[in-house]
Amino acid sequence: MTQEQWTDVDAYFTSRLVPSDEALDAALRACEAAGLPSINVAPNQGKLLRLFAEIQGARRILEIGTLGGYSTIWLARALPEDGRLVTLEADPAHAEVARANLSHAGLDGVTEVRVGPALDSLPVLAAELGEEGNGADPFDLVFIDADKGNNPHYLEWSLKLTRPGSVIIGDNVARGGAVADADTDDPVIVGTRRMIELMGANPRLSATAVQTVGSKGYDGFVLARVLP
Ligand code: SAH
Ligand code: DHB
Ligand code: MG
């Protein structure tokens with residue numbers, strides 16, 4: 001099996017199941033024009049995220065790792081009118097591209113891009129959750145897709161920011177198969193393995209992971225549900 005086949009099959013699925021869309025296409029063009037790396041989810045993966053959020057009935061979504069807001073648009077479109085998505089991005093230049101893309105997609109009203117290292121923003125979100133009176137509701141779905149070395153920390157914060165029944169999704173967990181290497185000292189793989197192992201060991205979570213191939217190569221998702 002080759003990358004060319006994976007790309008062809010993705011093109012077929014996407015052509016039949018994932019209608020092209022002006023705002024999403026424009027977002028990808030804007031990311032490219034701004035020189036952002038093309039490490040956004042593929043269109044059929046974005047649609048999968050949207051479907052997960054819709055099936056979940058998510059009203060509050062947290063994304064860790066915005067880039068140009070491509071996955072953000074997919075997720076935000078699952079929200080009801082009074083829903084809310086917060087997305088965390090360390091790089092101000094990425095955040096600026098994302099804000100413009102979200103605005104162009106008509107999602108200004110439901111999305112908020114917070115700039116700074118996610119490990120700085122997450123405690124702020126947790127404090128908002130606990131505020132007397134105007135306390136924010138917990139998140140129904142979290143998408144973890146930033147610096148993979150911090151994945152264990154992102155999982156711990158996600159557990160603080162969610163409720164029984166919430167869903168936590170992690171991107172890029174297979175990494176061309178590298179995740180199976182127990183001896184690596186690559187922080188990306190170490191962080192991802194630790195997150196997977198924490199998920200498996202946590203009695204509050206029910207989780208699985210699947211490998212994927214497609215236009216973005218060979219990778220995978222992990223999906224965890226906070227048990228009721
Ligand atoms: N979710 C996006 C892709 C995100 S790529 C999509 O699929 O469309 C990962 C992003 O995480 C990059 O934009 C990178 O700048 C950001 N990032 C890296 N380290 C971070 C950190 N410590 N806190 C927040 N964002 C970070
Ligand atoms: C990388 C990050 C991602 O979120 C992704 O989907 C693919 C690649 C990266 O940092 O290389
Ligand atoms: Mg990713």
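Atoms within a ligand are numbered from 1 in the order they appear, just like the ligands themselves. The structure displayed is predicted, hence computed values, not measured ones. Positions are given from 1, in the same order as the sequence printed here.
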- Of the listed options K148, R175, K216, closest to atom 1 (C) of ligand 2 (non-hydrogen atoms):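 Answer by nearest heavy atom: R175.
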- Nearest non-hydrogen atom to atom 7 (C) of ligand 2 belongs to which of N172, V41, D147?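 That would be N172.
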Keeping [X] on the side-chain end and [Y] on the backbone end, is there a donor-acceptor pair under 3.5 Å?
X: E112; Y: V86; answer: no
X: D91; Y: A93; answer: yes
X: E89; Y: T66; answer: yes
X: S166; Y: L141; answer: no
X: Q5; Y: T2; answer: yes

- Query: With the Mg ion (ligand 3) as the point of reference, which N/O/S atom of D171 is the closest?
  - Reply: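 Of the nitrogen, oxygen and sulfur atoms in D171, the Mg ion (ligand 3) lies nearest to OD2.
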- What is the OD1(N172)-the Mg ion (ligand 3)-OD2(D145) angle, to the nearest 10 degrees?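 OD1 of N172, the Mg ion (ligand 3) and OD2 of D145 span an angle of about 140°.
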- Task: Assess the side chains of D219 and T212: does a donor N or O sit below 3.5 Å from an acceptor N or O?
- Result: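 The answer is no; no qualifying pair exists.
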- Classify the angle between the aromatic ring planes of W6 and Y218 as parallel (below 30°), tilted (30 to 60°) or perpendicular (above 60°).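 Correct class here is perpendicular.
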- Task: Go through ligand 2 atom by atom and flag the ones less than 4.0 Å from a non-hydrogen atom of D171.
- Result: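 Those of ligand 2 that fall under 4.0 Å from D171 are 6 (O).
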- Item | Residue that, paired with D171, satisfies side-chain contact (heavy atoms from CB on, under 4.5 Å) out of V41, L49, T192 |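 By the side-chain contact (heavy atoms from CB on, under 4.5 Å) criterion, D171 pairs with just one of V41, L49, T192: V41.
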- Item | Protein contact to atom 4 (O) of ligand 2 [nearest heavy atom, distance to 0.1 Å] |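 For this ligand atom, the closest protein heavy atom is D145 OD1, 2.7 Å.
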- Item | Heavy-atom nearest neighbour in the protein, as seen from atom 8 (C) of ligand 2, with distance rounded to 0.1 Å |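 For atom 8 (C) of ligand 2, the nearest protein heavy atom comes out as I39 CG2, 3.5 Å.
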- Would one find an N, O or S atom of N40, in either backbone or side chain, under 2.8 Å from the Mg ion (ligand 3)?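 Under 2.8 Å: N40 has no N, O or S contact with the Mg ion (ligand 3).
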- Query: the Mg ion (ligand 3) to D219: any N/O/S contact under 2.8 Å?
  - Reply: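 No, D219 does not qualify, because none of its backbone or side-chain N, O or S atoms lies under 2.8 Å.
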- Could you walk me through whether R114 and E128 pass salt bridge (Lys or Arg N to Asp or Glu O under 4.0 Å), step by step? CA-CA 14 Å; R114 294 201 185 184; E128 289 170 7; 3.0 Å; yes
- Heavy-atom count around D185 CG within 6.0 Å, excluding the residue itself: above 12?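 12 or below, so no.
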Could you check ligand 1 for N or O atoms lying under 3.5 Å from protein N or O atoms and list the pairs with distances?
residue, atom, partner, partner atom, Å
ligand 1, 1 (N), G65, O, 2.9
ligand 1, 1 (N), S71, OG, 2.8
ligand 1, 1 (N), D145, OD2, 2.8
ligand 1, 7 (O), V41, N, 2.9
ligand 1, 7 (O), S71, OG, 3.3
ligand 1, 7 (O), D145, OD2, 3.4
ligand 1, 8 (O), S71, N, 3.1
ligand 1, 8 (O), S71, OG, 3.2
ligand 1, 13 (O), L67, N, 3.3
ligand 1, 13 (O), E89, OE1, 2.7
ligand 1, 13 (O), E89, OE2, 3.2
ligand 1, 13 (O), H94, ND1, 2.8
ligand 1, 15 (O), E89, OE2, 2.6
ligand 1, 15 (O), H94, ND1, 3.2
ligand 1, 19 (N), D147, OD1, 3.3
ligand 1, 22 (N), D147, OD1, 3.3
ligand 1, 22 (N), D147, OD2, 3.4
ligand 1, 22 (N), Y154, OH, 3.4
ligand 1, 23 (N), A118, N, 2.8
ligand 1, 25 (N), A90, N, 3.1

